[in-house]
Student: 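Below you'll find the structure I mean.
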Number of protein chains: 2
Amino acid sequence: MTNIRKVAELAGVSVATVSRTLKSPDIVSPTTRDKVLQAVNEAGYKPNLMAVQFRSRRTHNLVVLVPTIANTFFARVISGIQEEAQHRGYGVLLCNTLGREATEAMYASLVTTRQADGVIQLRACNPFPADAFAPGTPLPMVNACEVLDDAPCPTIRLDNREAARAVTEHLIGLGHRRIGMIKGPRRSPLTRDRLAGYHDALQAAGIALDESLLCPGDFTPQSGYEAAGTLVTRDDPPTAIFCESDEMAIGAISRIKQAGLSVPGDISVAGFDDIAFASYSDPPLTTIAQPAEAFGRQAVAMLIDVLEERARDIQHAVLPHELVIRGSTATPAA
Amino acid sequence: MTNIRKVAELAGVSVATVSRTLKSPDIVSPTTRDKVLQAVNEAGYKPNLMAVQFRSRRTHNLVVLVPTIANTFFARVISGIQEEAQHRGYGVLLCNTLGREATEAMYASLVTTRQADGVIQLRACNPFPADAFAPGTPLPMVNACEVLDDAPCPTIRLDNREAARAVTEHLIGLGHRRIGMIKGPRRSPLTRDRLAGYHDALQAAGIALDESLLCPGDFTPQSGYEAAGTLVTRDDPPTAIFCESDEMAIGAISRIKQAGLSVPGDISVAGFDDIAFASYSDPPLTTIAQPAEAFGRQAVAMLIDVLEERARDIQHAVLPHELVIRGSTATPAA
DNA sequence: GATCACGATGTAACCGGTTACATTGGTCGT
DNA sequence: ACGACCAATGTAACCGGTTACATCGTGATC
């Protein structure tokens, strides 16, 4: 393997001069610079970045903890992360944690063992043990999408409560009074906030909450399919269903049709996320569009600000959402 | 930062003893082992893996070059990669290349600069310059899913020709004679092989090839939607369309319905991949199921075999596929 | 009792860069 | 002519582990 010493020998200079030529060319004389660069070429020398990183105590790698990469929404967030990281000269270590805390902790230890500089956590959970860092040190992490209420680090989120209120209000505006909801996982702040927004809208319209219209789900099409099954087979099915993710909405529509009902003729369905398939579903999905790629880009930007100590204090960003009305919601049948 | 020297001092032994206690505990006496382990605990010592990797010239990281992470099929492959890599003690550096050669080359250089040990390439392209490695050295890469014909490394693929033949034969068996095809990108071996399988089936059934029924696509729902538009607005639209990906099939179905036609009543549609949404589309998609996660797992296994020099010679694996018949294909209207 | 083998531990070189500090030689001012 | 100063370069310590080799003590063997 060609290393800096070989190049130095070849160029007839010291290793320091080679290093300087490559790192700060302006402080070596043009003559030696040329000699060195020619030797670098001749030897096909590429610095061993492992050594550079080891010496500089910086890996320029970021760990991304994603609950499930199979979710199209996260796939978009990751695209944004990737793009911004590449642009800033950082690499991305992607970790599919399936929401398991042990797995998250394992990957987070990439930071404590110096294999990565920081973590982007897409789930509401702090994967670091309490004593992982010296007190006073800012946590090398940002928390995006699903965020902790009292996150000890920068966060980037949507106003989920407001978004859910907007969707529900849209359904109420169409004339719906019995509105079901297919929720996300019980523990998730997303579920809690969206549920609160749903409540807000019902309350504002003077509609009493019917707990039995709330079904649990886990964001997958399968769970939407199953939850819709329980709603549809009731004696008094709702006339509209708000799903906390497009994937669940697509599963729900499939189940509703299977029961011989039409969307939106018999039941309106609204989703959340605006994934690519939302436009191609039949009918196209009314949903909340999230700036998924922006989540990723911003997360990287904020994390690097922390890592490179440009951040004065802990920032919290709220990104904009938009209600996108398509064909899956309509006035209820009389 | 606590390092091995602090621990050694604390335990009253040499750094070598600490290192040995952690790496091969059996060669130190139980007495010192206990002393050292206690010191490790007390100091909260975690080895700096950066240093370990630097010394051992092994990073235990794998680079994955994925054309687009937004594709649900690749998301599944990546899950498999992730799982197997974690199990084998390797990390995954995921790189969304968007099929750009320059981006691929940049990420591939993570290997030449010793930031990663090997590459899993999910596109038919060799991202390394010809002189990146000494002649005779096996290329630290495996090529999966879309593979090069003369790959200089292990490959894992599907028998795409046979799979496409099976789908087309299924459509012919239902009575279709005018079968359109929405293809993948022109340069891709996948496109070529699947097209060949389509030809095979037509030829075996004595159906003449109609070039005008072949439309280009790029695997996205959008491209399927557009391609279906050109097929559907013809004077003599096909009675069936074979799409080279489920995502395109879902786009195509959306466009066919928009034209006032029914699936499969007027036009049957078949896809390829069997993504999660395939079951929930309306109608559910007939498609070719690929063992996506197995692609990922096997790619990791074969790459590690190369890296750890267990592989005698270059292996090529062909994974099984399965025709899954659902509601989107049926006998053509009389 | 001297020799030897062996287990346990210490010493220090090494991986491949970066960089503080030392050294050299030349220019400039007085 | 002499010292101050500066630009250009070299020397070597350092990052934090691993490991070849040296050393030491103990018990077995002859």
Side-chain angles (χ1 to χ4, degrees), chain A residues 1-40 43-61 89 109-117 134, chain B residues 1-40 43-61 89 109-117 134:
Chain A
M1 200 56 208
T2 82
N3 60 20
I4 200 170
R5 281 163 236 275
K6 291 247 181 63
V7 175
E9 197 179 344
L10 203 60
V13 300
S14 74
V15 292
T17 301
V18 176
S19 179
R20 283 191 281 254
T21 306
L22 297 173
K23 284 209 51 177
S24 21
D26 43 317
I27 64 167
V28 307
S29 75
T31 332
T32 37
R33 199 188 312 161
D34 290 348
K35 259 196 313 190
V36 170
L37 290 179
Q38 196 192 322
V40 164
Y45 171 67
K46 295 211 171 188
N48 178 334
L49 292 189
M50 199 77 211
V52 175
Q53 294 172 356
F54 167 48
R55 186 77 234 274
S56 62
R57 286 124 167 271
R58 272 285 158 79
T59 65
H60 283 256
N61 280 335
S109 74
L110 289 171
V111 174
T112 44
T113 59
R114 306 308 179 96
Q115 310 212 81
D117 297 345
Chain B
M1 201 56 208
T2 81
N3 59 20
I4 200 170
R5 283 162 234 274
K6 291 248 182 60
V7 175
E9 196 178 345
L10 203 61
V13 300
S14 72
V15 293
T17 301
V18 176
S19 179
R20 283 191 280 253
T21 306
L22 297 173
K23 285 210 49 178
S24 20
D26 42 317
I27 65 165
V28 307
S29 75
T31 332
T32 37
R33 198 188 312 162
D34 290 349
K35 259 196 313 190
V36 171
L37 290 178
Q38 196 191 324
V40 165
Y45 170 67
K46 295 213 173 187
N48 178 333
L49 291 191
M50 199 76 211
V52 175
Q53 294 172 357
F54 167 49
R55 187 75 233 276
S56 63
R57 288 124 166 271
R58 271 284 157 81
T59 64
H60 283 258
N61 279 336
S109 74
L110 290 171
V111 174
T112 44
T113 59
R114 307 305 179 98
Q115 309 211 81
D117 297 345

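Lettering of chains follows the sequences in order, A, B, ..., and the numbering in each one begins at 1.
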Student: Check the distance between D:dC15's P and B:N3's CG and give it to me in whole angstrom.
Tutor: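 In whole Å, D:dC15 P and B:N3 CG are 8 Å from each other.
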Student: Starting the side chain at C-beta, find the nucleotide from C:dC15, D:dT18, C:dG17 nearest to A:I4.
Tutor: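 Nearest to the side chain of A:I4 among the choices is C:dG17.
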Student: Rounded to whole Å, how long is the line connecting atom CD of B:Q115 with atom P of C:dG16?
Tutor: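 These atoms are roughly 15 Å apart.
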Student: Separation of A:K46 atom NZ from C:dG17 atom P, in whole Å?
Tutor: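 To the nearest whole Å, that distance equals 13 Å.
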Student: Is the distance from OP1 or OP2 of C:dG16 to the nearest side-chain N or O of B:R57 less than 4.0 Å?
Tutor: yes
Student: Tell me the closest heavy-atom pair linking B:M50 and A:R114, and the distance in Å.
Tutor: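 For B:M50 and A:R114, the tightest heavy-atom pair comes out as SD-O, 3.3 Å.
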Student: Nearest whole Å is fine: how far is C:dC15 C1' from A:K6 NZ?
Tutor: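 After rounding, the reported distance stands at 13 Å.
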Student: To the nearest Å, how far apart are A:L22 CG and C:dT19 C1'?
Tutor: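 In whole Å, C:dT19 C1' and A:L22 CG are 15 Å from each other.
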Student: Check whether the side chains of B:T17 and B:S14 place a donor and an acceptor atom closer than 3.5 Å, and report yes or no.
Tutor: yes
Student: Got a donor-acceptor contact below 3.5 angstrom from the A:R33 side chain to the A:P25 backbone?
Tutor: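 Looks like yes, one N/O pair under 3.5 Å.
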Student: Evaluate A:V28 against A:V36 for side chain to side chain contact (heavy atoms under 4.5 Å, CB included), listing each step before the verdict.
Tutor: CA-CA 10 Å; A:V28 307; A:V36 170; over 6 Å; no
Student: Separation of B:M50 atom CE from C:dG17 atom P, in whole Å?
Tutor: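 So the two atoms are 13 Å apart, to the nearest Å.
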Student: Rounded off to whole Å, could you give me the NZ-to-P distance for the A:K23 and C:dG17 pair?
Tutor: 13 Å
Student: Verify, without hydrogens or angle tests, whether A:T112 (side chain) and A:S109 (backbone) share a donor-acceptor contact under 3.5 angstrom.
Tutor: yes
Student: Whole-Å distance between C:dT18 C1' and A:F54 CZ?
Tutor: 12 Å
Student: If we only count heavy atoms from C-beta on, is the A:T32 to A:T21 side-chain gap below 4.5 Å?
Tutor: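 The answer is no; the side chains never approach within 4.5 Å.
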Student: Output a table of nitrogen or oxygen pairs between the protein and nucleotides 9-14 of chain D separated by less than 3.5 Å.
Tutor:
residue, atom, partner, partner atom, Å
D:dT9, OP1, A:S29, OG, 3.0
D:dT9, OP1, A:T32, OG1, 2.9
D:dT9, OP2, A:S29, N, 2.9
D:dT9, OP2, A:S29, OG, 3.4
D:dT9, OP2, A:T32, OG1, 2.9
D:dG10, OP2, A:S14, N, 2.8
D:dG10, OP2, A:S14, OG, 2.9
D:dG10, OP2, A:T17, OG1, 2.5
D:dG10, N7, A:R20, NH2, 2.8
D:dG10, O6, A:R20, NH1, 3.3
D:dC14, O2, A:R55, NH1, 3.4

